[in-house]
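Heads up: numbering here begins at 1 and tracks the sequence.
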Amino acid sequence: MSDTVISPSTVVRTRMAPSPTGEYHVGHIATLLKNYAFAKKHGGQFVLRIEDTDRERLVPGAVERIMQVIKDYGLDWDEGPAKGGPHAPYVQSERLPSYQKAAEELVAKNKAYYCFCSSERLEQNREAQRAAKIPPKYDRHCRDLTQTEVEKRLATGESYVIRLKVPDNVPVKFTDLIRGEIEVNSDVVDDQVLLKSDGFPTYHLAVVVDDHAMEISHIMRGEEWISSTPKHVLLYQAFGWKLPIFAHIPVFLNPDGRGKMSKRKGAVSARSFLDDGYLPEALLNFFMILGWARADQTEIMTLADYVREFDPQDISAKSVVFDLNKLAWINGMYLRQLSPTDLKHRLQPFLPADFPSGLLDQVLPLISERLVKLKDVADLTSFFYQPIELDRELLLKKSDLTSVLAQLTETLSVLKALTSFTLETVETKLRNLQSKRDWKKSQYFMLLRVAVTGRVATPPLFETMVVLGQGKVLERLEAAQKILEKTQSKSII
Ligand code: GLU
């Protein structure tokens, strides 16, 4: 593995630039983590900037939710909203004059031009191009208006946009840390709008102006932006600015391996994975190893390890599957490393409102090995305090009615006689009974498990019975007897 070459004079400044148009995606957090780690590795700064210039797609509250979820993942920014910094403000709608100034500067340098075309004219143009099966591009109708004409039309208050004057037939090149040299011909690039008629910049203008103003040295972003990069390169060149270094990170594939990860195939929002009870540190560890590996190939690592070792140049150029089995495995590893106190604390928000106080301490040793994610606590423990469903068929699955009834009757009399209901007494008595009667172990103990919990998979049987307590165990065994006698198929007890 090589190290991305950083000259000693380069201050590494990375950024994440969310648009508050909806929920933050797990892919965004994974990309943010890379930007964060790379800045930390080189003693630089990680900047958070809000790109809210698309006013039609703004979602109220999205900025706050994005900032909160980043923090809930245990990450943070050095400069940005709510923190400030030398390049404040970090919200694009608060920086409008700088984009207007930049667009006018390009017009003055003859690198951009005013365009007065109406939306009807643009639509007709697009229609004609569609009919002729040529890629839609602005037909440059206003590109060569004389200055006098432009001034006249501006003076009358005619509505306008400012477009980039894309040079004809020149190579547009940039280096991508992951994909190497990329080159396209400028003829495929549209004379894109930089400043809209409402005075707001487009994404392309604002992103370039801000990345330059904020002295961003490395831009790591999702590969869906790679087709925009030639436009940005042309803008950097038009301004006469030095290009930052780019790295376009492959998108995740759906857990089934098919297609770009999408909502239709399951959860994608960064928040939903926390809500499911994956630990933030486990999720970060999972993102670290999706498409990148340490030299020794070990998969469990701390954020500090990652900061030390991560190099964007070593990110795989291929898309990787968002492998939920791997995530579950990593989460399990992290869960088992938590101290009982920490685990209890993390489980609190996942406990149902009717969860009895004090029960967690008793059940924690029984369920902690079985927890895959924190949210599982509700399901793994519900039978301890909520009514259970007894299924007649399940009780009779491994034996006939007469034998099962006899087993329940004898078990009841043995357990009723106990004056102390402890792990030792319960286990000894029930094992003795089983061996004295020579009942098949797997059948008998499964019967008891189903009768006292309603389920076939639970924590160890005797420990579970002790936590349930003598009263509840007897009550459930009697209920099982009753439903067997009544030939009723299911019953809630
Ligand atoms: N605002 C863009 C987004 O929503 C930023 C793209 C970029 O990183 O340049 O992801």
Side-chain angles (χ1 to χ4, degrees), residues 350-367 369-371 375-493:
F350 294 88
L351 297 176
D354 59 345
F355 195 86
S357 69
L359 179 63
L360 193 57
D361 281 328
Q362 288 178 287
V363 296
L364 210 51
L366 305 188
I367 62 159
E369 283 296 315
R370 303 171 62 90
L371 280 176
K375 199 181 179 183
D376 299 340
V377 68
D379 185 54
L380 285 175
T381 58
S382 63
F383 65 83
F384 282 107
Y385 63 98
Q386 283 171 355
I388 60 168
E389 186 186 72
L390 280 184
D391 180 344
R392 190 168 192 275
E393 249 173 62
L394 208 51
L395 293 165
L396 291 173
K397 196 159 179 199
K398 296 251 160 71
S399 190
D400 59 275
L401 180 62
T402 321
S403 320
V404 166
L405 279 173
Q407 287 176 326
L408 290 176
T409 309
E410 290 206 49
T411 307
L412 272 162
S413 75
V414 163
L415 293 182
K416 265 185 199 156
L418 283 180
T419 49
S420 127
F421 201 79
T422 64
L423 182 58
E424 214 207 318
T425 57
V426 172
E427 179 161 4
T428 316
K429 289 286 176 194
L430 294 180
R431 286 200 189 282
N432 286 346
L433 177 62
Q434 174 271 324
S435 85
K436 197 168 82 189
R437 293 284 179 252
D438 201 20
W439 290 327
K440 202 170 164 221
K441 260 192 213 156
S442 59
Q443 177 273 328
Y444 174 58
F445 292 123
M446 182 53 83
L447 169 69
L448 296 188
R449 186 184 300 276
V450 170
V452 298
T453 68
R455 309 179 180 197
V456 289
T458 65
L461 177 63
F462 305 118
E463 279 89 339
T464 300
M465 288 176 126
V466 172
V467 173
L468 280 167
Q470 191 169 19
K472 204 165 241 162
V473 168
L474 297 178
E475 188 186 299
R476 288 183 177 177
L477 289 171
E478 280 164 3
Q481 254 183 336
K482 278 202 196 97
I483 80 157
L484 286 170
E485 282 158 359
K486 274 206 230 144
T487 71
Q488 215 177 309
S489 71
K490 283 189 185 173
S491 160
I492 308 278
I493 58 160

Decide side-chain contact (heavy atoms from CB on, under 4.5 Å) for Arg476 and Leu468; before the verdict, give the C-alpha distance in whole Å, the side-chain angles of both, and the deciding distance to 0.1 Å.
CA-CA 10 Å; Arg476 288 183 177 177; Leu468 280 167; 3.6 Å; yes
Do you know which two heavy atoms are closest between [X] and [Y], and how far apart they sit?
X: Leu390; Y: Ala479; value: CD1-C, 4.1 Å
X: Leu395; Y: Val404; value: O-CG2, 3.9 Å
X: Met465; Y: Val426; value: SD-CG1, 4.0 Å
X: Thr458; Y: Arg370; value: O-NH1, 3.5 Å
X: Pro460; Y: Thr464; value: O-OG1, 2.7 Å
X: Pro459; Y: Leu366; value: CB-O, 3.5 Å

Classify the side-chain pair [X]/[Y] by whether it contains a donor and acceptor separated by less than 3.5 Å.
X: Tyr444; Y: Ser399; value: no
X: Gln407; Y: Gln443; value: yes
X: Ser382; Y: Arg455; value: yes

Side chains of [X] and [Y]: closer than 4.5 Å at any heavy-atom pair?
X: Asp376; Y: Ile367; answer: no
X: Leu408; Y: Leu447; answer: yes
X: Lys429; Y: Leu433; answer: no

Between the side chain of [X] and the main-chain N/O of [Y], is any donor-acceptor distance below 3.5 Å?
X: Gln434; Y: Trp439; value: yes
X: Arg392; Y: Leu484; value: yes
X: Ser435; Y: Asp438; value: no
X: Thr453; Y: Phe383; value: no

Is the cationic atom of Arg431 (NZ for Lys, CZ for Arg) positioned less than 6.0 Å from the six-membered ring centroid of Phe445 and within 45 degrees of its normal?
yes
Pair Lys416 + Glu478: basic N to acidic O under 4.0 Å:
yes
Gap separating the [atom1] atom of [X] from the [atom2] atom of [Y], nearest 0.5 angstrom:
X: Ser413; Y: Leu477; atom1: OG; atom2: CG; result: 11.0 Å
X: Leu448; Y: Thr411; atom1: CG; atom2: OG1; result: 5.0 Å
X: Glu369; Y: Leu371; atom1: CD; atom2: CG; result: 9.5 Å
X: Tyr385; Y: Leu359; atom1: OH; atom2: CG; result: 7.5 Å

Let's go through Thr422 and Val466 carefully: what are the C-alpha distance in whole Å and the side-chain angles of both, what is the deciding distance for side-chain contact (heavy atoms from CB on, under 4.5 Å) to 0.1 Å, and is it a yes or a no?
CA-CA 6 Å; Thr422 64; Val466 172; 5.7 Å; no
How far apart are the C-alpha atoms of Leu405 and Glu485, what are their side-chain angles, what is the distance that settles it, and do they pass the side-chain contact (heavy atoms from CB on, under 4.5 Å) test?
CA-CA 8 Å; Leu405 279 173; Glu485 282 158 359; 4.3 Å; yes
Around atom NZ of Lys472, are there more than 12 heavy atoms from other residues, nucleotides or ligands closer than 6.0 Å?
yes
Under the side-chain contact (heavy atoms from CB on, under 4.5 Å) criterion, do Thr381 and Leu351 qualify, and how do the steps go?
CA-CA 10 Å; Thr381 58; Leu351 297 176; 5.8 Å; no
